[in-house]
J.: 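This is the structure, below, for whatever I ask next.
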Amino acid sequence: HVQLVESGGGLVQAGGSLRLSCAASGRTFSSYAMAWFRQAPGKEREFVSTVSWNGGSTYYRDSVKGRFTISRDNAKNTVYLQMNSLNPEDTAVYYCATSKLRIVTITDSDYAYWGQGTQVTVSS
């Protein structure tokens, strides 16, 4: 039984920072790429960032480049998303996902398992 549990969301003022964590269990975590997606109210889910199985490759959507950093600790079965310089457009539920692949991919159909999400709210 694969389980992904996100944490670290909350309310922050514009310009602030948050660090999301996603703890994985029930699968060989280190064998697969991991990613963060988000869904804002009334909008479709969108890709945010992904990291390859060994952390060697990362990819970000343009709007978060230079502000967000994805990383993983395979010894702890955890993936992180450091979010700096947050703005109200970053407000969304953030979801962690584990891929069917080892390499980075931005296509949500390439992701096999999803967490329940953590709310991030950025006030102006």
J.: Hey, do the aromatic rings of Trp36 and Phe47 have their centres closer than 6.0 Å?
T.: no
J.: Are Tyr60 and Val104 linked, directly or through intermediate hydrophobic residues, by side-chain heavy-atom contacts shorter than 4.5 Å (ILVMFWY only)?
T.: no
J.: May I have the step-by-step check of side-chain contact (heavy atoms from CB on, under 4.5 Å) for Arg67 and Met83, ending in yes or no?
T.: CA-CA 6 Å; Arg67 300 188 299 122; Met83 305 187 295; over 6 Å; no
J.: Cluster partners of Ile103, using ILVMFWY side-chain heavy atoms under 4.5 angstrom, listed by chain and number?
T.: Leu101
J.: In terms of side-chain heavy atoms, does Thr105 have a donor or acceptor partner in Asp110 at a distance below 3.5 Å?
T.: yes
J.: Tyr94 vs Phe68 aromatic rings, parallel, tilted or perpendicular, using cut-offs 30° and 60°?
T.: tilted
J.: When you compare the side chains of Tyr111 and Thr50, does any donor N or O come within less than 3.5 Å of an acceptor on the partner?
T.: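 Present: a donor and an acceptor within the cut-off.
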J.: Picking from Val93, Asp90, Val120, Leu81, what satisfies side chain to side chain contact (heavy atoms under 4.5 Å, CB included) with Arg38?
T.: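 The passing option is Asp90.
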J.: Starting from Trp53, walk the hydrophobic network (Ile, Leu, Val, Met, Phe, Trp, Tyr; side-chain heavy atoms closer than 4.5 Å) and list everyone else you reach, by chain and number.
T.: none
J.: With a 4.5 Å heavy-atom cut-off, do Lys100 and Tyr32 have their side chains touching?
T.: no
J.: Which value, rounded to the nearest 0.5 Å, describes the distance between Cys22 atom SG and Gln116 atom CD?
T.: 8.5 Å
J.: Is it possible for you to say whether Tyr95 and Leu20 belong to one hydrophobic cluster, with membership spreading through side-chain heavy-atom contacts below 4.5 Å?
T.: no
